[in-house]
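Please read the structure below before turning to the comments.
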There are 2 protein chains.
Amino acid sequence: MKKTISILNDPGFEKKDQILDVAEALFSKHGFDGVSIRSLAKQANINIAMVSYYFGSKENLYIAVIERKMVTIRQYLTEAFPNGGNAWDKLYYIIDRYVDRMVDNRSFMNIVFTEVASENREHIVDFLSKRLADNQEAFGGLIVEGIKSGHFREVDPQLAIMSIIGPLKLYVSNPFMVKKMMNENTIEGCYSSVHRDRMKAHLKDLMTRFLKP
Amino acid sequence: MKKTISILNDPGFEKKDQILDVAEALFSKHGFDGVSIRSLAKQANINIAMVSYYFGSKENLYIAVIERKMVTIRQYLTEAFPNGGNAWDKLYYIIDRYVDRMVDNRSFMNIVFTEVASENREHIVDFLSKRLADNQEAFGGLIVEGIKSGHFREVDPQLAIMSIIGPLKLYVSNPFMVKKMMNENTIEGCYSSVHRDRMKAHLKDLMTRFLKP
DNA sequence: CAAATTTAAACAAACGTTTAATTAATGTGC
DNA sequence: GCACATTAATTAAACGTTTGTTTAAATTTG
């Protein structure tokens, strides 16, 4: 027995997480079908049988990758929203948080968007699209409120949401393109605090000009 | 021999194009590795050996899908640009055209973005990213010009480009999401002239507010 | 010792591709 | 226009690999 019997750790926690980390990165880059158990095992320095041992199957591993991050995403959603401030303050706040979350979880977000677009595994698609909808409603509700309170002009909330998520998704899911646009040599450089802040400032500026009456 | 020997048609033109049509749709939705020759042959109503017969290999078929559409894309780029009009007119014109092109070639654009993001096949990535860069420079040059002429305020051209392409890419590559947002039941409904025009109007509105001094 | 982990080997199924035989279409000489 | 040779198109079957998964033995751990 290698496992540490602890209330804090699941059995096999470290190795499972090590596999999940590699799996997330690979699934994000090459898609479900583009990742073989053997290549994954090689990169994670494990025997190919360990995937079945820990997760049962490749599809279960894929689901496990998603569910692990879903816990994090759910925490985001239940986080306390700042009470004070008007619609503008709330919008700026949520943009800041959203950029950080998307950048920090960009591998995962890639998997989510790809999975939802492919419509291959119905139950996963349903599950993920609900979570995406929750996220978008956070923006949507904010914009509707802002319009009601008179802080924002009357815009189509859904197009407003797309104007935030669109550029941000482009930023986190196309490092090759972004590298060129940002004049950076490494992928990490693209997501340094400099460019993050640049994106935050831009999205806030863009939405300010778009929403102000 | 079935082929019609004609200057207008390549030998086997119709069947090749029939295979390419199905291949483009499937590669777009499931990715290169997600498409098997057998499933493709079934959907295209051909024998599995026909892919090798016409294209040599699966990867060559993939390249053929890309190259076929590249001819169309190149035509777009060499099209005459309207001479009259100021920076605003040109911007509105190019947005209208770009939305139509992206929507009409959405399967292909999906393949392009996925391929560039995966960085799997270096020579294809290089080739495609150059074409993408050309497209983006069309926007970029326009914005820089507009700033110089005083029609636009001084913005970061690259972030401006991302603000156009981002929402548009979201629109054409996530029909599942868009179906919900647009309250449409079918994918075709999402790309009807109604929603196309809606997207055009929105992007023009968005950029107007973003760029006006 | 006993239970959990790790391993190498083997499994059937699916993969891309090739083969050899068959069918369909065209060109040629008359 | 017809028979025949030729070339192209199409097929079913088989090829060798790679796939995800399982097995049974070996190793590590408590």
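In what follows, chains are A, B, ... by sequence order, proteins preceding strands, each numbered from 1.
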query: So, for A/P167 and B/S163, which heavy atoms are closest and what is the spacing to 0.1 Å?
result: CG-CA, 3.9 Å

field: Selection: residues 115-123 of chain A, any non-hydrogen atom under 4.0 Å of DNA chain C
entry: none

message: Ignoring hydrogens, what is the shortest heavy-atom contact between A/I37 and A/I48? Give both atom names and the distance.
response: CG2-O, 3.7 Å

Sugar-phosphate or base contact per nucleotide [nucleotides 15-22 of chain D; S, B, -; heavy atom under 4.0 Å]: ----BBBB

field: side-chain hydrogen bond (donor to acceptor under 3.5 Å, both in side chains) pairs, two or more places apart, involving residues 185-197 of chain A
entry: A/D100-A/R196, A/D104-A/R196, A/E184-A/H195, A/H195-A/R198

- prompt: Is the backbone N or O of B/R101 less than 3.5 Å from a side-chain atom of B/N105, with the two atoms forming a donor-acceptor pair by type?
  reply: yes

query: Between D/dA8 and B/Y54, is there an OP1 or OP2 to side-chain N/O distance shorter than 4.0 Å?
result: no

statement: Exactly one of B/F55, B/F108, B/F27 clears ring-ring contact (aromatic ring centres under 6.0 Å, His included) with B/Y62, and that residue is B/F27

- prompt: Can you tell me how far the CD1 atom of A/I46 sits from the CD1 atom of A/I19, to the nearest 0.5 Å?
  reply: 4.0 Å

query: Can you find a side-chain donor-acceptor pair between A/N120 and B/H30 that sits under 3.5 Å?
result: yes

field: Residue-phosphate contact under 4.0 Å: B/K15 side-chain N/O, D/dT10 OP1/OP2
entry: yes

message: Between A/Y171 and A/C190 (side chain of the first, backbone of the second, donor and acceptor by atom type, cut-off under 3.5 Å), is there such a pair?
response: yes

